[in-house]
Amino acid sequence: MTALDADPGGTAHPAPQEAPAPAPALVGPLAGDPAMLGLSSFIVGSIALGLGLVGVVPIGVLGAPLAIILAATALGLLLAAVWAAAVGQSAVAAVFGIFGTFWLSYGMLVLGLDHNWFAITVAAVLATVKLFLVAWLVVILMLALATLRLPAAFTAVFALVSLALLLLLLAFAQASPLGVPSTGLLKTAGYVVLVFAALGVYLFYDAAQAGTGGKRVPLGNPLVK
């Protein structure tokens with residue numbers, strides 16, 4: 001109940017109430033910005049995949065970037081997703097979780113095809129790869145549309161990832177009778193991957209600036225307000 005104070009004339013007034021104490025600042029594992037871990041994990045896997053696609057390793061050696069993609073990118077992104085969820089950043093957790101499972105599923109696809117884990121015949125390999133690319137293209141496009149309220153730099157990353165997946169899909173759709181995908185489209189997709197890796201570096205720099213007390217860099221206005 002509210003306490004009452006009386007003035008000299010005998011009129012009762014509610015006693016002033018003390019302002020609630022501010023919530024204590026987060027410390028320990030709930031402090032900080034999970035984007036610093038998530039973005040750095042995303043960058044290293046993107047660089048590895050992009051360099052593989054543009055021809056740093058022979059075309060067709062899909063397992064070359066897997067050590068980085070599985071042990072650094074997928075794992076790092078999933079850890080960042082858990083961290084983001086713990087501090088209540090549900091949109092960030094969803095982005096990192098989706099990308100983490102994308103990279104993990106890519107690693108599983110390559111390992112499964114190389115070692116015949118899923119009993120996929122040689123004749124069905126191309127169709128399997130196209131199924132993978134179509135499914136993830138739909139999901140990343142969905143993610144891009146659902147996050148248009150984020151700064152434009154994030155939307156650009158999602159759009160570039162979608163473009164890379166589309167180029168890869170076209171490369172495998174135009175495969176030769178021997179099942180060799182279009183080298184030109186693979187390399188073009190690789191360059192797109194390197195571009196969104198570079199944009200990821202810019203986003204990481206912004207997060208690092210904020211995390212170390214510096215001035216944030218412009219990320220562009222959201223496309224939807």
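Throughout, residue positions are numbered sequentially from 1 according to the sequence presented.
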Single-linkage hydrophobic cluster [X]~[Y], side-chain heavy atoms < 4.5 angstrom:
{"X": "L145", "Y": "L141", "answer": "no"}
{"X": "L148", "Y": "L163", "answer": "no"}
{"X": "Y191", "Y": "L49", "answer": "yes"}
{"X": "L194", "Y": "V157", "answer": "yes"}
{"X": "V134", "Y": "V139", "answer": "yes"}

* Are L185 and F172 close enough, and set up right, to give a side-chain contact (heavy atoms from CB on, under 4.5 Å), and what steps lead you there? -> CA-CA 9 Å; L185 285 171; F172 282 93; over 6 Å; no

Atom pair [atom1] ([X]) and [atom2] ([Y]), whose distance is rounded to the nearest 0.5 Å:
{"X": "L37", "Y": "F96", "atom1": "CG", "atom2": "CZ", "answer": "8.0 Å"}
{"X": "L137", "Y": "S162", "atom1": "CG", "atom2": "OG", "answer": "6.0 Å"}
{"X": "S40", "Y": "L203", "atom1": "OG", "atom2": "CG", "answer": "12.0 Å"}
{"X": "L170", "Y": "L133", "atom1": "CG", "atom2": "CG", "answer": "10.0 Å"}
{"X": "M108", "Y": "L111", "atom1": "CE", "atom2": "CG", "answer": "7.0 Å"}
{"X": "W103", "Y": "I68", "atom1": "CH2", "atom2": "CD1", "answer": "10.5 Å"}

Atom of [X], atom of [Y] and distance for their closest heavy-atom approach:
{"X": "M36", "Y": "A208", "answer": "CE-CA, 3.8 Å"}
{"X": "T147", "Y": "T155", "answer": "O-OG1, 4.0 Å"}
{"X": "V44", "Y": "A72", "answer": "CG1-CB, 4.2 Å"}
{"X": "I140", "Y": "I98", "answer": "CD1-CG2, 4.3 Å"}
{"X": "G97", "Y": "L78", "answer": "O-CD2, 4.0 Å"}
{"X": "A164", "Y": "V193", "answer": "CB-CG2, 3.9 Å"}

Below 4.5 Å, heavy atoms only, C-beta onward: do [X] and [Y] meet side chain to side chain?
{"X": "T128", "Y": "L109", "result": "yes"}
{"X": "P181", "Y": "Q174", "result": "no"}
{"X": "L143", "Y": "F99", "result": "yes"}
{"X": "V110", "Y": "I69", "result": "no"}
{"X": "V87", "Y": "W83", "result": "yes"}
{"X": "L75", "Y": "L70", "result": "no"}
{"X": "L168", "Y": "L53", "result": "yes"}

* **Residue pair L165, L169: steps toward the side-chain contact (heavy atoms from CB on, under 4.5 Å) verdict** => CA-CA 6 Å; L165 289 171; L169 177 60; over 6 Å; no

* Starting from the C-alpha separation in whole Å, work towards a yes-or-no answer on side-chain contact (heavy atoms from CB on, under 4.5 Å) for F204 and F42. => CA-CA 10 Å; F204 175 80; F42 174 80; over 6 Å; no

* **Heavy atoms of other groups near Y205 OH, more than 12 under 6.0 Å** =>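 Count not over threshold, so no.
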
* With distance as the sole test, does S41 use its side chain to make a donor-acceptor pair with the main-chain N or O of T73 at under 3.5 Å? ->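 No: the side chain of S41 does not pair with the backbone of T73.
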
* Listed by chain and number, what are the side chain to side chain donor-acceptor pair (under 3.5 Å) partners of S105, not counting sequence neighbours? ->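 S105 satisfies side chain to side chain donor-acceptor pair (under 3.5 Å) with W136 only.
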
* Return the orientation label for the F132 and Y106 ring planes: parallel under 30°, perpendicular over 60°, tilted otherwise. =>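 Judged by the thresholds at 30° and 60°, the geometry between F132 and Y106 is tilted.
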
* Residue pairs fulfilling salt bridge (Lys or Arg N to Asp or Glu O under 4.0 Å) with at least one residue in residues 202-220, sequence neighbours excluded ->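 Pairs touching residues 202-220 that pass the test: D206-R216.
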
* Passes side-chain contact (heavy atoms from CB on, under 4.5 Å), V95 versus F158? Steps please. -> CA-CA 10 Å; V95 170; F158 304 144; 4.0 Å; yes

